[in-house]
Amino acid sequence: MTDILFVKAALPRAGALVLPLAEGFTLSGLAQEADAACGGAVSRGLEAAGFKGRKGQSCTLWAPGGHLSRIVAVGLGPKPDAESAQQAGGAALPLIASEPEAVIAAEGLNAALTAALAFGARLRGYRFDKYRTREKPEDKPKLLRLSLASAEPAEAKAAFQPLSALADGVFLSRDLVSEPPNILHPEEMAERCKVLEKLGVTVEILGPKELRKLGFGALLGVAMGSAREPRMVVMQWRGAAPDAQPVAFIGKGVTFDTGGISIKPAGGMEDMKYDMAGAGTVIGLMGALAGRKAKVNAVGLVGLVENMPSGTAQRPGDVVRSYSGQTIEVINTDAEGRLVLADVLWYARERFRPRFMVDLATLTGAIIVALGHEHAGMFANDDALAQQLSAAGAATGEAVWRMPLGEAYDKLIKSDIADMKNVGGRPGGSISAAQFLQRFVDTREGHVPWAHLDIAGTAWATKDSALTPKGATAFGVRLLDRLVADHYEG
């Protein structure tokens, strides 16, 4: 992992220099010094390349002189802010990854924007390479130290500390979601949650015996076909007054999803290792909140199962009794995530009486048809919570789009022999799935603000972006951390 340092502004004697520049820039500070040291090569090179400082724009000047191996300019856009600074830091990282050392000339930016540059670079530098045994040296990143030259390095370092903890949470989530399913089964994933205890999180693991005693019929039904027994993990961070009402996050953790008896096609089934991404986000989020000592009481609950076909597997046509007492006719065993969430949502509601609940799940392919890979689908029973999530998504770049709920959609899951069925047909498939979940949130006992985030299209990236290399994205960790920071701390 690259060391990130905050230092006083000084022109490096060798290596790479990164220049974050806004639209309409004039070279000053270290950029001006570098231009002079290189005989004007910087200003000439940027002009020749047509670099204007636009957001997302970058330009590399090779061997410009003055003992520098390269100078990389990255655009901050017309009005630099935290989001554009993060994007610029992330964009710069792969352009300097082959250098042992690099300096980002941030002395013209305040401490917060300098920290944001470092945060973006750190997020983009993530790699999951633990199973690579034959990687060529030239294919490995060489960057050992990234220094941010700042006019106020102590303040920038202090501003970076909570962002570094957030990055740790993102990386924990990405690590979990990236693991192969023969390694990360329910028991193993539950055990890995114990790493949070070092941060002060209380971790409670409930095994099949406890789940049967509670009456988790919906979750246990999904696990029937697997040799791997299920788990539920309850994580608690207490950063506020002991009697302060907690906020709650619930994650779907299907460590591998074959579809069960309603088996999926073979093509692309390997992607179903990340059907536990919702749980991965919740675990990473709890790490982020605890790591930065968030002034909030938060609980994270994840239901962990493997959905396999076998002689003991749940069948289409089965009826199961959920922890809430409501009965469910299982029409399709590949609609299993909502069954897992049903029991965990009700448990979270009844045990913790939270201020709100947000669940995350790679729940439906239908949401990808509707929104592609640009937004997560958001369903909510509370307008204020939905607005807060939308704003947090816009601020972090983890965008959500609100989808409808309503009685007409609820009728789609009416069963002839049970309280409900687990699918409502192809039309509006992501909506009827959310309607199913809502039945385990809103009850006669009262209303709990709740939102469901369907992250099926955003949990995994098939190509690099500024802040996320190809692979697991940890979508939701930054979004929900921002939600808590903006509205629920103190």
Side-chain angles (χ1 to χ4, degrees), residues 166 169-170 173 232-237 245-253 276-290 294 296-303 337-338 340-364 367 375-396 398-403 405 430 433-442 447-456 458-459 473-489:
L166 178 54
V170 169
S173 175
M232 181 175 71
V233 183
V234 181
M235 297 158 281
Q236 298 185 61
W237 164 249
Q245 194 177 9
V247 297
F249 304 97
I250 296 94
K252 169 190 171 183
M276 38 60 70
T281 291
V282 170
I283 297 166
L285 173 65
M286 294 301 293
L289 295 175
V296 68
N297 290 341
V299 295
L301 301 96
V302 293
R338 64 202 72 180
V340 173
L341 289 172
D343 282 342
V344 183
L345 279 166
W346 190 274
Y347 182 87
R349 184 189 189 286
E350 294 297 292
R351 176 175 172 182
F352 295 105
R353 304 292 176 177
R355 296 176 70 179
F356 69 77
M357 298 196 297
V358 175
D359 77 75
L360 302 98
T362 49
L363 206 67
T364 67
I367 203 66
H375 291 75
M378 175 179 66
F379 303 81
N381 67 358
D382 185 90
D383 290 342
L385 179 58
Q387 290 166 5
Q388 290 170 358
L389 283 164
S390 293
T396 59
E398 294 191 331
V400 298
W401 189 267
R402 192 173 186 182
M403 302 287 285
L405 293 167
S430 61
Q435 290 289 166
F436 179 94
L437 295 177
Q438 190 175 15
R439 293 194 180 200
F440 300 89
V441 176
D442 286 334
H447 168 84
V448 177
W450 159 78
H452 158 58
L453 301 182
D454 192 335
I455 60 172
T458 56
T473 66
F475 184 98
V477 175
R478 292 185 293 120
L479 163 71
L480 296 175
D481 177 81
R482 185 62 176 263
L483 171 74
V484 171
D486 285 351
H487 302 288
Y488 295 95
E489 287 193 66

> Where is the tightest heavy-atom contact between R349 and H447, given as atom of each residue plus distance?
Replying inline: NH2-N, 4.4 Å
> Between L453 and T458, does a side chain to side chain contact (heavy atoms under 4.5 Å, CB included) hold up when you go through it step by step?
Replying inline: CA-CA 10 Å; L453 301 182; T458 56; over 6 Å; no
>> Do S390 and V400 have side chains that approach each other closer than 4.5 Å (heavy atoms only, starting at C-beta)?
In response: yes
>> Looking only at the side chains, is there a donor atom on one of D454 and T364 sitting less than 3.5 Å from an acceptor on the other?
In response: yes
>> Could you check whether any side-chain heavy atom of Q245 comes within less than 4.5 Å of a side-chain heavy atom of N297, counting everything from C-beta outward?
In response: no
> Between D486 and Q388, is any pair of side-chain heavy atoms under 4.5 Å apart?
Replying inline: no
> Nearest 0.5 Å, what's the CE-CG distance between M235 and L301?
Replying inline: 6.5 Å
> Does the salt bridge (charged side-chain N to carboxylate O under 4.0 Å, His left out) test come out yes or no for R402 and D383, once each step is laid out?
Replying inline: CA-CA 10 Å; R402 192 173 186 182; D383 290 342; 2.9 Å; yes
> Please walk me through it: do D359 and K252 pass side chain to side chain contact (heavy atoms under 4.5 Å, CB included)?
Replying inline: CA-CA 8 Å; D359 77 75; K252 169 190 171 183; over 6 Å; no
With a cut-off of 3.5 Å and sequence neighbours excluded, list every side-chain donor-acceptor pair involving residues 375-382.
from	atom 1	to	atom 2	distance (Å)
N381	OD1	W450	N	2.7
N381	ND2	D442	OD1	3.0
N381	ND2	D442	OD2	3.2
N381	ND2	V448	O	2.9
D382	OD2	A384	N	3.2
D382	OD2	L385	N	2.8

> Is there a side chain to side chain contact (heavy atoms under 4.5 Å, CB included) between V477 and V282 once you walk through the steps?
Replying inline: CA-CA 7 Å; V477 175; V282 170; over 6 Å; no
> When the ring centroid of Y347 is compared with that of F440, is the distance short of 6.0 Å?
Replying inline: no
>> side chain to side chain contact (heavy atoms under 4.5 Å, CB included) for F352 and V234? Distances and angles first, verdict last.
In response: CA-CA 11 Å; F352 295 105; V234 181; 3.6 Å; yes
>> Counting C-beta onward and ignoring hydrogens, is there a side-chain heavy-atom pair between V358 and I250 closer than 4.5 Å?
In response: no
